[in-house]
Amino acid sequence: MDTHDSTFPLIISVDDHTVEPAGVWQDRLPGKYRGTGPRIVRAPVKDMTFLGGRFKPVMGQPGDDGPVGDWWVYEDLRRPLTRLDTAVGYGRDEIRLEVITYEQMRPGSYDVAERLADMDVNHVQSALCFPTFPRFCGQTFTEAKDHELGLLCVRAYNDWMVEEWCGPDAHGRLIPLPIVPLWDAGLAAAEVRRNAARGVRAVAFSEIPPFLGLPSIHTDGWDPFLQACDETGTVIAMHIGSSSRMPSTSADAPPAVGSTITYANCCFSMVDWLMSGKFEQFPNLKVMYAEGQIGWIPYILERADVVWEENRGWGGVADKVHRPPSELFAEHVYGCFFDDAFGLRNLDSIGVGNVLYETDYPHSDSTWPKSREVGEAQMGHLEAEVVERIVRGNAIELLGLTAEGLWPGGGGGAR
């Protein structure tokens, strides 16, 4: 464990990522599905663009000319591993949209022991990790044709996440984040309960389900899933891009445009939830927005309260939202950030209890290996007890960790 001479608390990061090892599904699917389930193929890239918020890779045939990378192959999907998946350790100008192989990755991207070592370097005690190949809420399997196989893939991923990635070798320092079969809210509820029974307290979900062709949260379509989360104390974790659509302005807008406004989906989603009535229907629900930053939250709460107060009669919410949205936010919503000095200067307008810290390892935006230094610089004006809550205390309470900040289901007693 890191022993830097610093009073800055050991970080609990609520938004890191795992790059799944090649055998996650091949090792767990029934034999008849191994030829059609997710598998790695090494091949060149024929074409790859990322414009207007859309990532479009085209795989070449083995032996063709072009840069070679490792590709996930699943039904008609061809998804390469890219430098953006695992960029830590590279200079900012060296991080380009390019395909890579596992050998070209930082091993902490996919190996538990190496991940723990990189966490030590970064003053991080524990981390909650979102998926890579399944995408941020498992929509890869929702979009697949064969949902029988898709359900097996969801369960296989969750078993790997709980038993291996967050298993005994992680010593409680890696916190499980399962996915669910989004195409069926009843199956999703069953998967929430299956994982809650083994101590899991969070689940990945889409920020804007209609972007995936799924019901909005203004319907009752998600109620079985929400009921399961409410009853088990399972936190709904929504990452930017978990609707498979990043904010942009035009089809030819460069990625820098979308990267600047990534918070926008979180903003839209939060207003959806605050105006949905679901927090009153399911009073134990908690939701968190990974990588959305926090500086935008005060104005949205102010505006939402004005709309609720002055326009609820015609705004379609008078019969289901009976309290000011800012009150619902305080009880149910958490904003997550890794670099937001403005938000921290306006913390009183957000709420000390509604903010969580993250490092985004191993993505290109990650503050690794200087997450402690960034935190010290941006939180230097705050009282020590406030810093403690933001950096670890709120996460311990929200995710049901031990007082030491470890996941109790992962062998947290072994160090």
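Predicted, not measured: the structure shown is a model, and the values here were computed from it.
Evaluation of the side chain to side chain donor-acceptor pair (under 3.5 Å) rule for Q281 yields D223, K278 as partners, not counting sequence neighbours. The side chain to side chain donor-acceptor pair (under 3.5 Å) search around D70 returns R42, not counting sequence neighbours. Not a single side chain to side chain donor-acceptor pair (under 3.5 Å) links R78 to another residue, sequence neighbours left out. Residues satisfying the side chain to side chain donor-acceptor pair (under 3.5 Å) criterion with S13, sequence neighbours excluded, are D16. Under the rule for a salt bridge (charged side-chain N to carboxylate O under 4.0 Å, His left out), the partners of R135 that lie at least two apart in sequence or sit in another chain are E143.
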The test is ring-ring contact (aromatic ring centres under 6.0 Å, His included); show your working for F136 and H17 and say whether it passes.
CA-CA 9 Å; F136 294 149; H17 299 264; 5.3 Å; yes

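In this structure, R392 forms no cation-pi arrangement with Y357, as its terminal cationic atom is not both closer than 6.0 Å to the ring centre and no more than 45° off the ring axis.
E385 has no carboxylate O lying under 4.0 Å from a charged side-chain N of R389, or vice versa, which leaves the two without a salt bridge. A salt bridge is absent between D339 and K370; no separation between the charged side-chain nitrogens and carboxylate oxygens falls under 4.0 Å. A salt bridge links D118 and R106; the closest N-O separation between the charged side-chain nitrogens and carboxylate oxygens is under 4.0 Å. For R198 and E163, the salt-bridge test passes: some basic side-chain N is under 4.0 Å from an acidic carboxylate O.
Using a 4.5 Å heavy-atom cutoff, the side chains of D340 and L344 are not in contact. A heavy-atom distance below 4.5 Å is found between the side chains of F225 and V203. Residues V154 and H147 are not in side-chain contact: their nearest non-hydrogen atoms beyond the backbone lie 4.5 Å or more apart.
Side-chain contact annotation: D305 with S326, donor-acceptor N/O pair under 3.5 Å present. With no hydrogens or angles considered, no side-chain donor-acceptor pair links H239 and E207 at under 3.5 Å. Side-chain atoms of T86 and S109 include a donor-acceptor pair closer than 3.5 Å. Using a 3.5 Å distance cut-off with no hydrogens or angles, the side chains of N158 and E191 do pair a donor with an acceptor. Looking at R173 and Q125, their side chains never bring a donor and an acceptor atom within 3.5 Å of each other. Counted by atom type alone, Y90 and R83 present one or more donor-acceptor pairs between their side chains at under 3.5 Å. For N394 and Y334, the side-chain atoms include no donor-acceptor pair closer than 3.5 Å.
With rounding to the nearest 0.5 Å, the separation of CZ in R312 from CG in D319 is 11.5 Å. For the atom pair Y263 OH and Y289 OH, the distance stands at 15.0 Å (nearest 0.5 Å). Atom-to-atom distance recorded for T18:OG1 and E164:CD is 11.0 Å, nearest 0.5 angstrom. Summarising the geometry, atom CG belonging to N354 is positioned 9.0 Å from atom CG belonging to L347; distances are rounded to the nearest 0.5 Å. One distance of note links CZ of F8 with CD of E373; it measures 9.5 Å at 0.5 Å rounding. If you take CG on L174 and CG on L128, they are separated by 9.5 Å, rounding to the nearest 0.5 Å.
Nearest approach of S366 to D360, heavy atoms of both residues: CB-O, 3.3 Å. Taking all atoms of both residues into account, the shortest heavy-atom contact from C137 to I179 is C-CG2, 4.0 Å. For P176 against M161, the heavy-atom pair with the smallest separation is CA-SD, 3.8 Å.
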Could you tabulate the donor-acceptor pairs under 3.5 Å formed by side-chain atoms of residues 230-238, not counting sequence neighbours?
unit_1, atom_1, unit_2, atom_2, d
D230, OD1, N284, N, 2.8
E231, OE1, R193, NH2, 2.7
E231, OE2, Q227, NE2, 2.6
T232, OG1, A228, O, 2.7
T232, OG1, T234, OG1, 2.6

